[in-house]
Amino acid sequence: MPEPLAKAYTPSAVEKRWYETWEQNHLFDADRPERNPQDPTGRRAVDKPPFVIAIPPPNVTGILHVGHAFTFTIQDVYTRYHRMLGHESLWMPGTDHAGIATQTKIEREMRAEGLTRHDLGREKFLERVWEWKDKYGGIIIQQMRALGCSADWRRTRFTMDPAYYEAVIECFVRLHEKGLIYRGKRIINWSPLAQSALSDEEVIHKETEGKLYYFKYPIIGTKGNETEYLTIATTRPETMLGDVAVAVNPNDERYKHFIGRTLMLPLMNREIPIIADDYVEKEFGTGCVKITPAHDPNDFEIGLRHNLPQINVMDTRAVINENGGRFEGLERFDARKRVVEELQLLGLVEKIENYTHSVGYSERGGEMVEPYLSDQWFVTMKPLAEPALQVVEDGLIKFYPERWINTYRHWMTNIRDWCISRQLWWGHRIPAWYAETGEIFVGRNETEAREKAKAAGYNGPLVQDPDVLDTWFSSWLWPFATFGWPDANPDLVEFYPTSLLVTGFEIIFFWVARMIMAGIEFMPSIPLKDGSPRVELKDRIPFREVYFHNIIRDLQGRKMSKSLGNSPDPLDLIAKYGTDALRFTILYLAPLGQDIRFGEESCEFGRNFANKLWNATRFVLMKRDEYQAAHPKTEFESEDTELMASILKNPGLSKAGTGSMSDHAGGLVFGGPPPNPLLEKEWESKSLADKWILSRANRCARDVRDSFSRYEINDVTKILYDFIWRDYCDWYLEIVKIQPDSTPLAVAILEGILRMLHPIMPFVTEELWHALTGEPENVLIGRDDYITPDEGKIDDAAEEEFGMLQDTVEAMRLVRSTLKLAPSKQAEIVIQARDNSERILYILESSRAILERLGNASKLSLELGTQDYSSREYASEIRARTRVFVKIEKRTEEEIATERDRLQKELDRVLKAADQVSAKLSN
RNA sequence: GGGCAAUUGGCGCAGUUGGUUAGCGCGCUUCCUUGACAUGGAAGAGGUCACAGGUUCGAAUCCCGUAUUGCCCACCA
């Protein structure tokens, strides 16, 4: 016998225990059918496809925040949901090495000791990072357990695992062999802080207040005494040290005659040409543009067109180098000041205007990014993008919400090459070796590179590229590298493609798009389950559905951030409100496609709901005991009972699924057809309230299933909340108090409720389910069946009829409330069936006990007719099908006095409010 | 500059393909500690559905425009 439940739900008392029980019973472990011969429950389906989610790996340095709690909860809910539907469900966990983020973190730590990575050298530095990683890395993986995450922890992967490393190198080599990876000199986004290149996606453009400086460059060979000038405008004066030309539009009448002549670049005293290029817009600024190919991407292009030299005036720290003449050694912003000052002394500054323009900042470090000329590795994206766009356009991969296709299409059709080299140490080192001759040899390791060199006739020393690969160059392989690619690992064959990707839209380019490309590009080397080659796109894509959720904001709509201190710690929330409360609340607040506003107090909502469920169960257990005392033969725990007559395994569905993921078939139904013909009669004699709650329950189950499949998960929570609280607790349990015969059905419905709610609130439902069913600890609700709707039980007539009863009850309450009749006070009540409807009268009559009790009637008359009793004697209220009269009792002097006081107080309050308003208006 | 969203009672949000009286939670007012739950129950107040026009017998819902807010992309020195 389970112990009696405490008066309120205390999450901390149950969460740890159940999580350990789940792990001990291998609830989260997923395997191929042949590795999973004995399923303890005998219900693991081999005839259904597996359900797989690969986690978007959080940074290994990461600490759980509310955004994580949100995305992980969604993933866990879907994993648990499909597990209950009988799919072998695998949630693949892991972490990302997060090159820049991690390296920055360690370097910051070292700075406190007065060290830089260069003091240690590459090898020692990496040792230190690994030490840190082993000690503190992956905290988030531990924290996910507190959230109740049901990932298969045995499979936890890290993007720098040795096997993963091999996958990354293999990928690089293959793309290089295919000619899709090249090395080139380009203007890239340079982070002076990280001292590394950044990809375009790692740069955030922000409107920034700056100045637009107008400088006069003297023209050489001016006729006459007056020196002529061209005035250029720039936002970055320091780059003028690297100017190699000034460009004008070829059709600009003002400057046409200067084309071909030369200018004297001030401060540097370098003679530079005046050239014509269409890029220059006549209307902007002065119509003259200084050209600095080494420091601006557009200038770089112009420089190529006109065969101009590239003069790099900065070093990697954005300090002026030897090409900057006497400005050498100045930091970029100091140099800017000095350049302007000196030009002012020379009288060459025409004017300086305030100017707001868009400037790039590093996503990680936050510092201003410098467009910088350097040698980097690139991936040619066009050939990869084309099929990746196609699979989304063709619906092989579905986006939820669908509109993200537009964004995706736009990016894929305007895609630019991907700069994948990073001047860091923490990451996958680029597998390229340089010969003294300048030749480059790419290989899986130094031996392979050397062989290639030999074959090319080179036998001298080889030096490996010092740079590492962009973190995303490893993440884009995640859906298959985690399963051992490039090996044709049986797990890879079994579980690829994954079913669902749950992620934020902000990484649609960083990650989602690139995973799709990688899957299509690299998976053909892995055969299908039946051994045939993997050619079709549908077998190569990394996932079939993508659920883009939105970002969590604070109650003011601001982004959660450490510096604002507006991000509550999920672990605190869990300690205070309980895991289920956090999970439920966060999902309830999260409509698909909209930002979520979240504050700590919001969790009260979920906590209250968990407590409601807890107390509903307490009540049902109590009623069940009473019922059993009155019906000694009833055995609630056993399957062949009255209880199970109304909630039984549907023989057509329970074991044999159809193999399709979308139909969600398989599982329990509410009040399925009675297995025993003898119970048929029992069913027929069910009360209106019973038919109603069964209808509502099945409607709820149907809506839940539909919302799950549309990825409208906040609807799922809403539907369950409304059904459980409003229908089941507020109405049905009240009726059970009046009709003890409904107890078995109340128990059955509750059991179903716990199943439906379990993926969302795993802890409280597991606890209550065991209290209700008395199942041993190793029999888990999470491994048992989900509820599937029996749509035949959705009974519109019963709902309509019961709705009429509800209306009538509410009308009685309203009249009583208007009459200030104390709830404890009984009253004489008359209910008329309007329109002379005998059917209504019959329904009222059959539910007389309910009406009597909920209206607290001393005498209840039910009648046909339209007679109007309302007068001094009766107060009345009309509803669609019924009319209610409540007899007015004579008040005692005391009651009248009390009421007068109350009304006076009310009047005072209203008058005061009115005064305030009119005072405001006249102001 | 291009694109995508959003705009509904004090706050946060629902409202599916146009159809009676626009719902919910929080907050507010009044009442209720009757043996599930005060983390609760009952009743109530509070909305010209951003604005303007159009389609329609009928618009929060469809169309056009405007405004405001947020986000994404691009970027002209």
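Per chain, numbering begins at 1; letters A, B, ... match sequence-line order.
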Could you check how far [atom1] of [X] sits from [atom2] of [N], rounded to whole Å?
| X | N | atom1 | atom2 | value |
| --- | --- | --- | --- | --- |
| A:Glu600 | B:C26 | CD | P | 18 Å |
| A:Asn608 | B:C24 | CG | P | 18 Å |
| A:Leu854 | B:U34 | CG | P | 17 Å |
| A:Leu589 | B:A14 | CG | C1' | 13 Å |
| A:Glu734 | B:G40 | CD | C1' | 11 Å |
| A:Asp730 | B:C32 | CG | P | 20 Å |
| A:Asn550 | B:G70 | CG | C1' | 11 Å |
| A:Glu506 | B:C73 | CD | P | 11 Å |

So [X], base contact, sugar-phosphate only, or nothing? Heavy-atom distance under 4.0 Å.
| X | answer |
| --- | --- |
| A:Lys7 | sugar-phosphate |
| A:Lys737 | base |
| A:Glu604 | nothing |
| A:Arg416 | sugar-phosphate |
| A:Asp296 | nothing |
| A:Phe215 | nothing |
| A:Thr234 | sugar-phosphate |
| A:Arg813 | sugar-phosphate |
| A:Arg726 | sugar-phosphate |

### Query
Among A:Val349, A:Leu348, A:Leu265, A:Thr231, which one satisfies side chain to side chain contact (heavy atoms under 4.5 Å, CB included) with A:Phe215?
A:Val349
### Task
Would you check if the distance from the ring center of A:Tyr721 to the ring center of A:Trp725 is below 6.0 Å?
yes
### Task
May I ask you to check whether A:Tyr229 and A:Tyr217 place their ring centres under 6.0 Å from each other?
no
Candidate nucleotides [options], ranked by approach to the side chain of [X] - the nearest:
| X | options | result |
| --- | --- | --- |
| A:Glu281 | B:A77, B:A43, B:U39 | B:A77 |
| A:Arg403 | B:G41, B:A36, B:A5 | B:A5 |
| A:Lys820 | B:A77, B:U30, B:C72 | B:U30 |
| A:Lys612 | B:G35, B:C37, B:G25 | B:C37 |
| A:Phe509 | B:A36, B:C72, B:G41 | B:C72 |
| A:Tyr279 | B:A36, B:A43, B:A77 | B:A77 |

### Task
Considering only atom P, compute the distance from B:U39 to B:C26 and round it to an integer number of Å.
13 Å
### Message
Using the P atom as the point on both nucleotides, what is the distance between B:C62 and B:C4, in whole Å?
### Response
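It works out to 15 Å between them.
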#### Entry: Distance, nearest 0.5 Å, that separates SG of A:Cys603 from OH of A:Tyr588
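If we round to the nearest 0.5 Å, A:Cys603:SG and A:Tyr588:OH are 14.5 Å apart.
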### Query
Cation over ring, A:Arg726 on A:Trp731, under 6.0 Å and within 45°?
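No - A:Arg726 does not lie over the ring of A:Trp731 by the 6.0 Å and 45° rule.
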#### Entry: Side-chain N or O of A:Trp404 closer than 4.0 Å to phosphate OP1/OP2 of B:C73
no
#### Entry: B:A14 OP1/OP2 closer than 4.0 Å to side-chain N/O of A:Tyr588
no
### Message
Taking the side chain as everything from C-beta on, heavy atoms only, tell me whether A:Tyr400 gets closer than 4.5 Å to A:Val546.
### Response
no
